[in-house]
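For the single chain, residues carry numbers from 1 onward in sequence order.
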Amino acid sequence: MKVGIVGTGGMGSVHANAYANMPDVELFAYDRNLERLYTVIAPIGAAPRSGVETLVDEVDIVDICVPTDVHEEVAAQALAKGKSVFCEKPLARTLESARRMIDASKHAAGIFGVGQVVRYFPEFRRAHDLVKSGAVGRPAAIRTHRGGAAPSGSDAWFMDHKRSGGVLVDLAIHDFDWLRWTFGEVQTVYSRSTAAGKRSGPDYALTVLTHESGAISHVESTWLDPAGFSTSFEVAGSDGLLAFDSRKTASLSVSVPGRMSYEANLAPTDDPYYQELRTFLDAVAKGKQAPVDIEEGFHALAISLAALESARTGKPTVPARL
């Protein structure tokens with residue numbers, strides 16, 4: 001299977017490392033900064049070729065790791081050629097762009113997956129499974145934290161909120177997706193952000209999601225923590241408590257009446273990016289729907305953009321629906 005990564009480093013390199021461990025994948029890459037197409041087994045200085053179109057013609061699957069504001073441009077070229085597409089989150093920068101991508105995917109031969117990789121992190125996946133199995137009873141209150149120092153990216157595009165959407169669109173979308181997947185549809189969103197109304201710079205936000213089930217999620221997202229990247233969550237239900245903090249322990253704690261236990265999460269071979277991409281490639285090979293499809297990507301984006309609007313206006317908002 002031939003896979004082509006369109007990227008500018010960073011996440012493109014993460015994906016390339018995952019594909020390198022898949023013996024059935026022949027990997028190509030197109031670097032928009034270097035304007036160069038090459039295979040991973042060729043020298044970095046391989047002769048340049050003619051852009052994204054050439055890569056699309058060479059491969060079966062196009063993996064999009066460029067800045068968010070150009071996702072639609074690359075996806076449109078791939079879909080028009082009948083290729084399957086894997087797109088890093090966020091799906092797009094605007095709902096209008098995301099809807100155009102969905103419309104194009106409906107008329108395309110390939111399948112479309114979105115990189116909401118937190119679903120594949122073992123502590124988050126295990127917590128999801130425990131909640132769905134009823135291990136904590138009826139979920140009531142959930143808290144998540146995610147963040148670290150501000151990223152930059154090529155041309156410092158992360159700090160350009162018009163391109164990245166800031167912390168609420170680029171970072172908090174991980175938790176918004178996991179929370180919707182685990183606790184159900186989001187009814188209202190209320191958010192406050194230090195960067196509300198600003199066009200650039202580091203960012204910090206607190207967001208409250210009210211789920212249709214009645215559960216309430218508190219989401220902390222930051223690009224203002226020089227101590228380094230960390231994640232944590234706490235799920236309180238009528239019959240138990242789940243907790244995880246990457247800075248304190250490598251295990252998920254499960255507390256139910258009369259018992260507390262710890263569960264190890266990550267085996268050496270269980271890289272979440274590998275699992276995410278492997279399951280997508282398997283779906284392509286079998287002609288099945290993507291494990292996390294384009295509509296799931298839309299819903300996560302809709303929550304993020306609702307949070308951004310709430311932070312700007314100071315009022316609760318309702319996420320858009322398809």
The side-chain contact (heavy atoms from CB on, under 4.5 Å) partners of R138 (sequence neighbours excluded) come to S238

* Would you say the side-chain atoms of N21 pair up with the backbone N or O of N17, donor to acceptor, closer than 3.5 Å? -> yes

E295 meets the salt bridge (charged side-chain N to carboxylate O under 4.0 Å, His left out) criterion, sequence neighbours left out, with none

- Give the intermediate values and the outcome of side chain to side chain contact (heavy atoms under 4.5 Å, CB included) for residues V284 and D60. CA-CA 9 Å; V284 173; D60 306 302; over 6 Å; no

F176 and L168, any side-chain heavy atoms less than 4.5 Å apart:
yes

### Message
Ring-plane angle category for H161 and W223, please: parallel below 30°, perpendicular beyond 60°, tilted otherwise.
### Response
tilted

**Message:** Tell me whether V186 shares a hydrophobic cluster with I216, the cluster being built from Ile, Leu, Val, Met, Phe, Trp, Tyr side chains joined at under 4.5 Å.
**Reply:** no

Note to self: Under a 4.0 Å threshold between the charged nitrogen and the carboxylate oxygen, would D282 count as salt-bridged to R278?
What the structure shows: yes

Heavy atoms of E72 and S97 approach each other most closely as OE1-OG, 2.7 Å

Could you check whether atom NZ of K132 has more than 12 heavy atoms from other residues, nucleotides or ligands sitting under 6.0 Å from it?
yes

Note: G82 and A109 closest approach over all heavy atoms is O-CB, 4.0 Å

Heavy-atom nearest pair, P90 first then L301, reads CB-CD1, 4.2 Å

> Hey, any chance I102 and V70 share a hydrophobic cluster, counting ILVMFWY side chains that come within less than 4.5 Å of each other, even indirectly?
Replying inline: yes

Which of D170, D175, D225 passes salt bridge (charged side-chain N to carboxylate O under 4.0 Å, His left out) with R146? Answer is D175

Minimal heavy-atom distance between L308 and G165, with the atoms involved, is CD1-O, 3.7 Å

Distance col, row E234:CD vs L241:CG, nearest 0.5 angstrom, shows 5.0 Å

Counting only heavy atoms not in Q187 (residues, nucleotides, ligands), do more than 12 fall under 6.0 Å from its CD? yes

Shortest non-hydrogen pair, S193 vs D203, comes out as OG-OD1, 2.8 Å

* With a 4.5 Å limit on heavy-atom distance, are the side chains of L95 and F298 in contact? -> yes

Look at the side chain of T144 and the backbone N and O of V219, then say whether any donor-acceptor pair between them is shorter than 3.5 Å. no

Fill in: Aromatic ring pairing Y273/F121, orientation class (parallel under 30°, perpendicular over 60°, tilted between)
perpendicular

Between the side chains of S232 and H145, is a donor N or O closer than 3.5 angstrom to an acceptor N or O?
-> no

Go through it in stages, so that I can follow the logic: the residues are R321 and E212, the test is salt bridge (charged side-chain N to carboxylate O under 4.0 Å, His left out), and I'd like the CA-CA distance, side-chain angles, deciding distance and then a yes or no.
CA-CA 14 Å; R321 299 288 177 89; E212 291 181 355; 3.1 Å; yes

d(R312 CZ, L305 CG) to nearest 0.5 Å is 12.0 Å

- Report yes or no: does T207 contribute a side-chain atom to a donor-acceptor pair with the main-chain N or O of S191 at less than 3.5 Å? no

(Q) side chain to side chain contact (heavy atoms under 4.5 Å, CB included), that's the test. Do L91 and I294 meet it? Break it down for me. (A) CA-CA 8 Å; L91 174 61; I294 192 169; 3.8 Å; yes

Heavy-atom check, side chain of P319 versus side chain of V189, under 4.5 Å: yes

Should the ring pair F124 and F244 be called parallel, tilted or perpendicular, given that the plane angle runs from 0 to 90° and is split at 30 and 60? perpendicular

V25-F86 co-clustered via ILVMFWY side chain contacts under 4.5 Å: yes

Let me see the working for E309 and T317 under side chain to side chain donor-acceptor pair (under 3.5 Å), right down to the final yes or no. CA-CA 7 Å; E309 178 67 8; T317 57; over 6 Å; no

Paired with T182, the side-chain hydrogen bond (donor to acceptor under 3.5 Å, both in side chains) test is passed by just one of R125, H128, H211, namely H128

Within-4.5 Å side-chain heavy-atom neighbours: W178 and Q116:
no

Does the side chain of V117 come within less than 4.5 Å of E88's, by heavy atoms? no

**Report entry** 4.5 Å side-chain heavy-atom contact, M159 and P151
**Finding:** yes

Do the side chain of S310 and the main chain of A306 share a donor and acceptor less than 3.5 angstrom apart? no

Quiz item: For F112 and V114, what are the C-alpha separation, side-chain angles and deciding distance, and is it a side chain to side chain contact (heavy atoms under 4.5 Å, CB included)?
Solution: CA-CA 7 Å; F112 198 118; V114 180; 4.1 Å; yes

Rounding to 0.5 Å, atoms CZ (R247) and CZ (F229) come to a distance of 9.5 Å

Would you say CZ of R100 has more than 12 non-hydrogen atoms from neighbouring residues, nucleotides or ligands within 6.0 angstrom? yes

* Are I142 and V208 connected in the hydrophobic side-chain network, where two residues link if heavy atoms are under 4.5 Å apart? -> no

Between the CD1 atom in I111 and the CG atom in L79, the distance rounded to the nearest 0.5 Å is 11.5 Å

*When hydrophobic residues are tied together by side-chain contacts of less than 4.5 Å, even through go-betweens, does L277 share a cluster with M1?*
yes

Practice problem: Using a 4.5 Å cut-off on heavy atoms from C-beta on, say whether the side chain of L281 contacts that of Y19. | Solution: yes

Find out whether V169 and T68 are in side-chain contact, i.e. whether some heavy atom of one side chain is under 4.5 Å from a heavy atom of the other. no

dist E185:CD -> I303:CD1 (nearest 0.5 Å) comes out at 7.5 Å

Residue set satisfying salt bridge (charged side-chain N to carboxylate O under 4.0 Å, His left out) with R119, at least two apart, ordered chain then number -> D177, E296

Using the side chain to side chain contact (heavy atoms under 4.5 Å, CB included) rule, take H218 and L206 through it: C-alpha gap first, then chi angles, then the decisive distance, then the call.
CA-CA 7 Å; H218 305 256; L206 287 172; over 6 Å; no

Output for pair (K162 NZ, R93 CZ), nearest 0.5 Å, gives 9.5 Å

Given the options V59, D63, I5, L27 meets side-chain contact (heavy atoms from CB on, under 4.5 Å) only with I5

Minimal heavy-atom distance between S213 and F183, with the atoms involved, is OG-O, 3.6 Å

